[in-house]
Amino acid sequence: MPPFVPFTRREFLTLLGSGTVGALTAPLALSAMPALSRYARPRPTRAQLRWQRDELALFVHFGMNTFTDREWGDGTESPALFNPLRLDARQWARTARDAGAKAMILTAKHHDGFCLWPTMTTTHSVASSPWRNGKGDVVREFADACRAEGLRVGLYCSPWDRNHPAYGDSPRYNDVYIAQLTELFTQYGELNEVWFDGANGEGPNGKRQVYDWPRTWALVRKLQPNAVIFSDAGPDVRWIGNERGVAGERCWSTIRSSAVPYIGASGDDVITALQEGHADGDVWRPGETDVSIRPGWFHHAAEDEKVRSVENLLQLYFTSVGRNSKLLLNVPPTRDGLFHDTDVERLRGLRAALTGMRAQRLADATAVGKAVDARRSVHRIPVRPGSAVTVLELAERIEIGQQVTSWEVRAERSDGPVLASGSTIGYMQLRRIPPTTVSQLYVETVGLDGPPVVTVRAYAG
Ligand code: FUL
């Protein structure tokens, strides 16, 4: 999808005159970099902006594996096993809202092929289970609960299906998959994110399935035009390259589309590209950091003592949202169909820690900065006296693209001690620093095309 480039008429005419407009449609050559104006760089679509500003979403892995105590089912599981007697999607949604999350994504179908909604495409679904006498629909309850709590709704329907008999017969299974997605995209209201992985293991009979991604993505665009599409190859949101909750220290929301040419592309170069993106990327494709609150994606009672601590969750927030990514934090319901008390308590703790930090704001300023030369500018940010600064937050106006290639924050003056430094900023950079009492922050930024607009905040606590 072409990037959303909100030109003013004047900008457009200027570009026409300068001959830069062609760069919008052609992939950017490295050598073309210096000549590019900021107006030619990719910018986020409205849907990408909204997605990024949500900062935190919860991922909900729930399904047959919850009942078999596995991570990957093989598709032979009996639907009779699925019976979450106390399932309460409102409890998930309330917890998510209270944690500060703005959206949730549910595994409507995982690799074992068991569908959490009464699909017409297979009998391997909730309709064949004892749960709610076969009349239940987890996707419906999930979507209704999200909306009731003011959350946006996302779905993950695994393409790899170890149950469906058509899997491995590529055209036939692709029709099944499209039919499943069509049900999900037409019966549950507006989705804000559709999540795809490239999982493509051997089918039950050693069959190999070739997915039809262009067809799949076209279906999303047609039926859910406001949803962002996540996969490692985009097109809207890219995978961050690991499941440890850590975005690259350098993290561009732009990436060269050729670096991850197809879903499931592998190799060190691909992982580095996913982690860091590229300053000269031809597409706006921000990174999403998916990570679980527990060792596994699904709930296992044996892991009830291994839920991440509040401090650890806070750390994840810093290494994802605080590195220009978005945190998709997995919280798996138990067999009862509820989030576990420990997970709920930790999420509350995360919210309290973030709210506590933001309540102790000592500095908050947005400015273009004073240009020192064509690319370098300085900002002097006054700090409220009384408390020591422990966290620095920097942000760019990403509506107009990502600009900053390096930054440095010093205490008081241009020759004061360096409190923090880095390369990219993007949507947000968060840094902890040793407690420092200052009256002014001296912030220097270097932009790709000129002095960027930067917001600088400082917190105590
Ligand atoms: C992967 C899957 O194989 C895992 O089971 C999990 O769902 C993770 C989020 O995505 O592709």
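Position 1 is the first residue of the sequence, and the numbers go up from there. Counting starts at 1 for both ligands and their atoms, in listed order.
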Compute the shortest N/O to N/O distance between [X] and ligand 1 and return yes if it is under 3.5 Å, no if not.
{"X": "His111", "result": "yes"}
{"X": "Trp297", "result": "no"}
{"X": "His110", "result": "yes"}

Identity and separation of the nearest protein heavy atom to atom 7 (O) of ligand 1: His61 NE2, 2.7 Å

Atom 10 (O) of ligand 1 [closest protein heavy-atom partner, distance rounded to 0.1 Å]: Asp197 OD2, 3.8 Å

Side chains of Asn83 and Leu85 in contact at under 4.5 Å (non-hydrogen atoms): yes

Minimum side-chain heavy-atom gap Lys326-Val321 below 4.5 Å: no

Where ligand 1 meets Phe59 - atom numbers and elements under 4.0 angstrom, heavy-atom basis: 9 (C)

[X] near ligand 1, heavy-atom distance under 4.0 Å?
{"X": "Trp160", "value": "no"}
{"X": "Trp195", "value": "yes"}
{"X": "Phe298", "value": "no"}

Test side-chain contact (heavy atoms from CB on, under 4.5 Å) applied to Trp72 and Trp160, step by step: CA-CA 11 Å; Trp72 280 9; Trp160 185 23; 3.5 Å; yes

Geometric cation-pi criterion Arg432 and Phe318, 6.0 Å radius, 45° cone: yes

Worked verdict on Asp54 versus Asn192 for side-chain contact (heavy atoms from CB on, under 4.5 Å): CA-CA 11 Å; Asp54 282 349; Asn192 85 309; 4.0 Å; yes

Listed partners of Phe62 passing ring-ring contact (aromatic ring centres under 6.0 Å, His included), at least two apart: Phe82, Trp92

Parallel, tilted or perpendicular: rings of His61 and Phe59 (30°, 60°): perpendicular

